[in-house]
Structures are given as C-alpha cells and as structure tokens.
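In this text, all values refer to a predicted model and were calculated from it rather than measured experimentally. Order of appearance sets the numbers: ligands from 1, and atoms from 1 within every ligand.
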Amino acid sequence: MSTATGQRTFDSLDPATGTVVGTHPIHDAAAVRATVAEAGRAARWWGGLGWAERRRRLLDYKAVVTRDLARIAETVHRETGKPEADAVLEVILTVVHLDWAARNARRVLGPRRVFPGLVGANLAATLEYQPLGVVGVIGPWNYPVFTPMGSIAYALAAGNAVVFKPSELTPGTGALLAELFAESVPEQPVFRTVTGLGETGAALAGDPGVQKIAFTGSTATAKRVMTACAANLTPLVAECGGKDALIVDADADVRAAADAALWGAMSNAGQTCAGVERVYVVDAVYDAFMRELTGRAAAIRAGEDYGPITMPAQLDVIRRHIDDAVARGRAVVGGPESVRAPYVDPVIVEDVPEDSPAVREETFGPTVTVKRVADAEEALERANATAYGLAGTVFSGDARRAVELARRMRSGMTAINSVISFASVPALPFGGLGDSGFGRIHGADGLREFARPKAIARQRFALPGMNLTSFDRGQKELDQLVKIVTFLHGRRKR
Ligand code: NDP
C-alpha cells in the first residue's frame, strides 16, 4: 500500500479479529539512514547533558509511561491480542526497569578511581563508561513494550540515542513509546522509531552510523542480523528465545510447581522467550504432579485466560510440534484439535521422545512436554541437553540443593520455586548462551552493554629513579624493579 505522497505503508492487525489496528510507513534504507544521522546528532547532545539531567528526564519519561499505562496497554492488547490485564502487567514491569536504569546509570557507569597497584603508585587511575552513540534496537512482538525497553531504557540511561525498529506486528506500540519519550525530551530526536518489515531492520543493522544493535527474535534472524552487522564491525547483543525446562525434585511443593509450570507454559499463549516448554519430574512425585497439572489445565482456555497466537505463521510450527508429539508420546490435555486458529487451547503431552521437535525446537505456543525422571540429576542432564540456553526453573524443598542445581543449569537465568521471577528484578542481567544468543540486557551488565569502557592513567608525580618508559632507563632501575616484583609476587604458595 502507499499514501497519496507515495510513501509505502503497511497495516498492523488485531490477531484475534483480523481488523486493521493502524497503518504505518515502510521506512526504506534511505529513511533509516536519515533517521540514524539525526539520532547521531541527538546522541551528542544527550551524551553532553550529563548524568543528573539524563536521570531527571528518564524519571520523567517513566512518569509519562506510568500515567499513560492504560493507553499503552490498550495498544499492546490490540496489536498482540493478549488480555489487557497481561498488557498492564507488562507495562508495570517495564516501569520498574526504567526506574532502575535511570537511578543506577551514574553509579555503574560514572567515573571512578581504581587502585593503580604498587608499580603504578605515582598514577591516578580512573575508569568510566562512555556512551556508544546510536544504538539500534530490533524488537519482537510477544512483549512489545517490556522486551525492547530492556535495551532502550538501559541504552538511553547510558547516554546513547536509540533508533527502534519494532516488529511489523506491533509498530503502533513502538511508535507510541517513542512519541511519549518526546514529551520528556522534546529538544532532540534522542529516541526514534522506524517502522516497516524485515528490510527496515536489515537497513538499521547495516547502517554504519549505528554503534550497536540489540536484537530480540529468532536464532535464524539473529544470524542474518549478525551478517549485516559484520559489514561495519557493529557489535550485537542477541536474545533469541529458548527451550526452557522446569525441574520438579522429589521434595518440591507439587501444587506450587504445577501452578508455575502451567502459567509458565500457557500464559501469553506460550509466546514467551523464557516460558516453560519442557518439564522433568522426579519419579517419586510424578503422579501427584500430573494430577495437579492436568486438573488445573482443564480450567484454562484460550481466548479467556490468554489470547490468540499473534503471528499467524507460528500456528504451523505449533501444529507440527503437537502432531508429532501426540503421535510419539501421550496427550494428557488437548491434542491436535486444540489448534483452532487463531487460538490454541492448552496442550500437555507426556513421554515425548527427546529427539522430537516438541522437545528440541522452540514451539512458542501453549504446549508443554512432561517427562518422568529417576532423580534431579537426570532432570538436569536432560534440561541441559539443548542447543538453547536462556533460562529455566527448579522446584525443590531444599534451598541449598536448589541453588546447586540452578548453578549447574546451562542457562543465563534460573528461577527457584517460582517462574520467570528473575525478569522482575532489574538488577539481574537477562540473556542466554548457545542458540539463545549472547550479551545481556538489564542490570549493571545491561548498562555496560551499551557503553564502552574508557581507561585514563594520569601521572601525579615522577617516581625518582624509576622512569621505566624512557630510553634513559638504566640497568639499576630495572634491577630495583625486579627486586620489588620478586618481593611482591615471587613467593610460592604451598
Ligand atoms: P524474527 O526473528 O523473524 O523477527 C524479529 C525481529 O527482527 C522483527 O522486528 C523483524 O521484523 C526483524 N527482522 C526480520 N528479518 C530481519 C532482517 N533480515 N534483518 C533485521 N531485522 C529483521 O522473528 P518472528 O517475529 O518472525 O518470529 C519467529 C520466531 O522467532 C518465533 O517463532 C519464535 O520462535 C522466535 N521469537 C523469539 C522471541 C524472543 O523473545 N526471543 C520473540 C519473537 C520471536 P519484522 O517483524 O518486521 O519481520
């Protein structure tokens, strides 16, 4: 489609009804380049504002977002189909992160003295983290506020300008977030949105004016984005979803574990990167857990407790995983008939072979596989046997044992006796390993992800007879240094 001025456009649709929610421009490579160039100028202004003023502006933006919570949630609800209450929760969680990023940026990134060591006793050593310039954020549709803001808020707090390319399914939400920012920062286009399809994101990733890309989406697209970034050596933080497991140990609170497994698997129609996709239950509590899980699942229905599948093409993936899992395992709740587009009712399948798509590939739907295991060790081994490594959950009655299992879980985050709880703690970094990507958003690591360390060593006075970085250096100085170093570092520990 195109407007009277020749600007090509696309529509965002309500996935529940197919009706048009909004019409947005398709920004081509030239438009992206112009936006990035403007953002580059805005970045210099924003970076020059200083910590206190940026904090004040970001806290004001937080207040604007909080006051406009209902409007943002309504847009999210219409573009993703998720219940409004879920959209409200998503915005609330975002506000918590905005607040943390604004309040902690100076503490984490600001200049500090570091100990220069005895050999550098005449130096004043300082470390600070400077903004990168323009950060490009390529966001997903499943949490169109919370997920991209995990990069945007932290990048802005670190002193960068941001150009945000929301998913083509949720452009209105992205545009609204940038529009509201201009209420707090009207002087310069510090946070801008470009809209369009995959090519718009590709143009952003390949733009030489962008100093870092923060991407959330599929592993396959992350590889394409990384290739585009390679042209300019643009660094990338990539959050690519997962195949997260929930482990139920023999001494776990089975009711709480079943409640968490159900919510972790089905909420947001299973379209959560850190959602529960696999459950491993220790033999001793397996039957009790399954009674509890299936009993609770019977009361949950798509279209009431959660919304439709936001991306129509995903229905094919979900259907393929269910068909295969049911054929090779045992459906205990739902089955192929649960897919009634655009909705999918809860599907729980047990005893699915570990090499099946429902166990190995990201389903991104309201489905979960459950397997009986001999003990927590077997559960952990199976949980870790995945190419992904985003997050996971442990339910156990023994705190020490649970922490020990969590440490050995091959994932960036682990929740114990609750599900996805780490995402609500802004001080905790969020990100994965393997096919789940690399780099971190949230917390101090998330702030540092959008800054470059700057090291400064200032000589305060010349060390008498110790000018080592000079051609005037003599053998005596070197002998003296060898003595000092031998005294400091030459003693062996036995
Ligand atoms: P994609 O990875 O295709 O898209 C994610 C983002 O990247 C979107 O904004 C998309 O834009 C953009 N994009 C697409 N192609 C390019 C490109 N060549 N260069 C730069 N940016 C690009 O995910 P989908 O939305 O298609 O979902 C597919 C699968 O990804 C899901 O089934 C799910 O498994 C996984 N996923 C994981 C998420 C997570 O939270 N980790 C979130 C969403 C999806 P556009 O939408 O305009 O195409």
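- Pairs of residues two or more places apart, or lying in two chains, that qualify as ring-ring contact (aromatic ring centres under 6.0 Å, His included) and include a residue from residues 406-439 are Phe430-His442.
- Those atoms of ligand 1 with a heavy atom of Gln314 less than 4.0 angstrom away are 31 (C), 32 (O).
- Contact detail for Ala297 and Ile348: the closest heavy-atom pair is CB-CD1, 3.7 Å.
- Taking any N or O of Gly139, backbone or side chain, at least one lies under 3.5 Å from an N or O belonging to ligand 1.
- Atom 11 (O) of ligand 1 has as its closest protein heavy atom Lys165 NZ, 3.0 Å.
- The shortest contact between atom 34 (O) of ligand 1 and any protein heavy atom is with Glu362 OE1, 2.7 Å.
- Here the heavy atom of the protein found nearest to atom 3 (O) of ligand 1 is Thr221 OG1, 3.0 Å.
- In terms of protein heavy-atom proximity, atom 44 (C) of ligand 1 is nearest to Phe364 CE2, 3.9 Å.
- Some N or O of Gly241 is nearer than 3.5 Å to an N or O of ligand 1, by distance alone.
- Of the protein's non-hydrogen atoms, Cys273 CB, 3.0 Å is the one closest to atom 40 (O) of ligand 1.
- At a 3.5 angstrom cut-off on N or O pairs, Thr216 does not count as close to ligand 1.
- In plain terms, the two heavy atoms of Ala265 and Val368 that are nearest each other are CB-CB, 3.8 Å.
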